[in-house]
Protein chains: 2
Amino acid sequence: MTEPPPRRPRADARRNRDRLLAEADVVFRQEGTDAPLEGIARRAGVAIGTLYGHFPNRRALVGSLLRERNQALFDHGQELLTSSSPQQALIRWVYAVVEHAAAYQGLAAVLADGLGDQESELHASCVHMTEISDQLIASARAAGALRQDVTGADIFALMNAAAWTRDHMPPEQADRLVALTMDGMLTLAPSRNTTAKQDRSQNP
Amino acid sequence: MTEPPPRRPRADARRNRDRLLAEADVVFRQEGTDAPLEGIARRAGVAIGTLYGHFPNRRALVGSLLRERNQALFDHGQELLTSSSPQQALIRWVYAVVEHAAAYQGLAAVLADGLGDQESELHASCVHMTEISDQLIASARAAGALRQDVTGADIFALMNAAAWTRDHMPPEQADRLVALTMDGMLTLAPSRNTTAKQDRSQNP
DNA sequence: ACCTGAACACCGTTCAAGT
DNA sequence: ACCTGAACACCGTTCAAGT
């Protein structure tokens, strides 16, 4: 009934938690989100039980790891909303999220599953991603740059499918999929066949 | 140096192999390609060692399971090549392969990885899928129905990405992704926004 | 309050012994 | 020639004992 008194953690516990997150990022980047947790604990200099003390399961670890990064992504999305070209804004948003969702092999699946799963640590983030997509869509549609029936869920699906494609095909293939699909959705394509390259050159 | 004399297998061995394949199909449909092999062996009424005697690893089992089914799919693709509308033919091909690649959870990844991996039991099948896609593309392009820069690899990527989407999102979402992307590629869209429904109604 | 690491469960894979 | 199932390896997860 009463608020649980939020105590500040012991200094060594805080340090362990931080190192676990840092090493998890390194290992997940190399081996994907299915990498053995034992290796992460060892690299962080703690026993496996300590890892489980801080993160009850793998999803919680991945979730904590992404929470900060997600905030930066959402801020970028907000900025794009006030951008001059709603069409370019939507294109940049999609490539930014694909980049984000391809950080670790297997992450796209965690995100895609997270949208429909209330229990997922990333559920709120996935909903927010879809909402930002919806806002960018509304704005592009108002400018007459987008066909009428495209939804935020469509964009969310495309972004995750493209991130998945990165893990299983040659590097350019995912960008080609995005470019082709976006060309189908955008009614005022900036210049056919170059959607991806345009964005890339402005996003070094 | 000399040809290995191809002996016909013992009757019980043949029966065990067949039952293993049949049960693997059932289990993979329910639990995906990562389902425990022990369960498949038990259902087939044999010990786990027997399964490994017939199939050296999981990929070999999945590969054998798909070889027959793939043949039917390729035959269908050949038929479509002589079809009256190259545009409709390409659309139907894509939906047929998505259906095929979504039969088991995790199958899309096996196929996508198989295209670039010579060692994969499904490598030849993946190459063939891409080739048929290339032929259908050439034919649609000759009819002026397709933009110039679309490749068989693009179609292969789309089909697998859509199959993956089936495993991780609401059922319609994968079809919407396909429809939106195909609309971007087809220059003579039969009627915008209804690409998926059209095909579906003719493919009950 | 937090950490340790042995212990248990589960599953992939191998192989010596059987028929 | 083929089958059996115990044995080993690997990894996720828990928890009693320590500090």
Side-chain angles (χ1 to χ4, degrees), chain A residues 4-24 26-28 30-65 104-107 109-110 113 119-121, chain B residues 4-24 26-28 30-65 104-107 109-110 113 119-121:
Chain A
R7 297 209 158 276
R8 74 138 82 158
R10 232 164 60 181
D12 60 338
R14 175 113 179 81
R15 243 196 2 240
N16 283 338
R17 209 190 108 98
D18 288 346
R19 274 206 76 186
L20 281 165
L21 284 171
E23 298 299 337
V26 173
V27 171
F28 286 161
Q30 287 171 3
E31 306 173 36
T33 55
D34 287 334
L37 298 181
E38 172 69 45
I40 295 173
R42 191 170 32 238
R43 288 178 60 122
V46 299
I48 183 62
T50 303
L51 189 153
Y52 277 91
H54 286 282
F55 310 100
N57 53 51
R58 165 175 263 113
R59 243 184 25 194
L61 177 55
V62 175
S64 296
L65 211 39
Y104 318 133
Q105 262 192 43
L107 177 54
V110 178
D113 291 340
E119 306 304 304
S120 168
E121 284 77 2
Chain B
R7 296 210 159 274
R8 74 136 83 159
R10 231 166 59 183
D12 60 338
R14 175 112 178 84
R15 243 195 2 240
N16 283 338
R17 210 190 106 98
D18 289 346
R19 275 206 74 187
L20 281 166
L21 284 170
E23 299 299 338
V26 173
V27 172
F28 285 161
Q30 287 170 3
E31 306 173 35
T33 54
D34 287 335
L37 299 182
E38 171 69 45
I40 294 172
R42 191 171 31 238
R43 289 179 60 124
V46 299
I48 183 63
T50 303
L51 188 152
Y52 278 91
H54 286 281
F55 310 100
N57 52 51
R58 167 175 261 113
R59 244 185 24 195
L61 177 55
V62 175
S64 296
L65 210 38
Y104 318 133
Q105 264 192 42
L107 177 54
V110 178
D113 292 341
E119 306 304 305
S120 168
E121 285 76 2

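Note on naming: letters A, B, ... go to the chains in the order of the sequence lines (proteins, then strands), and numbering restarts at 1 for each one.
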Using a cut-off of 4.0 Å between protein heavy atoms and nucleotide atoms, how would you tag nucleotides 3-10 of chain D 5' to 3' with B, S and -?
SBBB----
Touch class at under 4.0 angstrom, heavy-atom based, for Ala35(A) against every strand present
sugar-phosphate
My understanding is that only residues two or more places apart in sequence, or in another chain, count here; which of them pass ring pair (Phe, Tyr, Trp, His ring centres under 6.0 Å) with Phe55(A)?
none
[atom1] of [X] versus [atom2] of [N]: gap in Å, rounded?
X        : N       : atom1 : atom2 : result
Glu38(B) : dG12(C) : CD    : P     : 8 Å
Phe55(A) : dT13(D) : CZ    : P     : 14 Å
Leu37(B) : dG12(C) : CG    : P     : 5 Å
Leu51(A) : dG12(D) : CG    : P     : 10 Å

Answer yes or no: is there a donor N or O on one side and an acceptor on the other, between the side chain of Arg43(A) and the main chain of Ala24(A), under 3.5 Å?
no
Has the side chain of Arg58(B) got a donor or acceptor atom that lies under 3.5 Å from a matching backbone atom of Thr33(B)?
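Judged by distance alone, yes, a pair lies under 3.5 Å.
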Going by heavy atoms in the side chains, are Leu107(B) and Phe28(B) under 4.5 Å from each other?
no
Got Asn57(B) and Glu121(B) here, is their nearest side-chain heavy-atom distance under 4.5 Å?
yes
Please test Val110(B) against Tyr104(B) for side-chain contact (heavy atoms from CB on, under 4.5 Å), starting from the C-alpha separation and ending with a verdict.
CA-CA 10 Å; Val110(B) 178; Tyr104(B) 318 133; over 6 Å; no
Where do Arg15(B) and Val46(B) land on the side-chain contact (heavy atoms from CB on, under 4.5 Å) test, with the steps shown first?
CA-CA 11 Å; Arg15(B) 243 195 2 240; Val46(B) 299; over 6 Å; no
Supply the atom-to-atom distance His54(B) NE2 to Ser64(B) OG, rounded to the nearest 0.5 angstrom.
11.0 Å
Which dot-bracket string fits DNA chain C when only Watson-Crick or G-U wobble pairs with both atom distances under 3.5 Å count, crossing pairs get [ ], and | stands for a partner on a different strand?
||.|||||...|||||.||
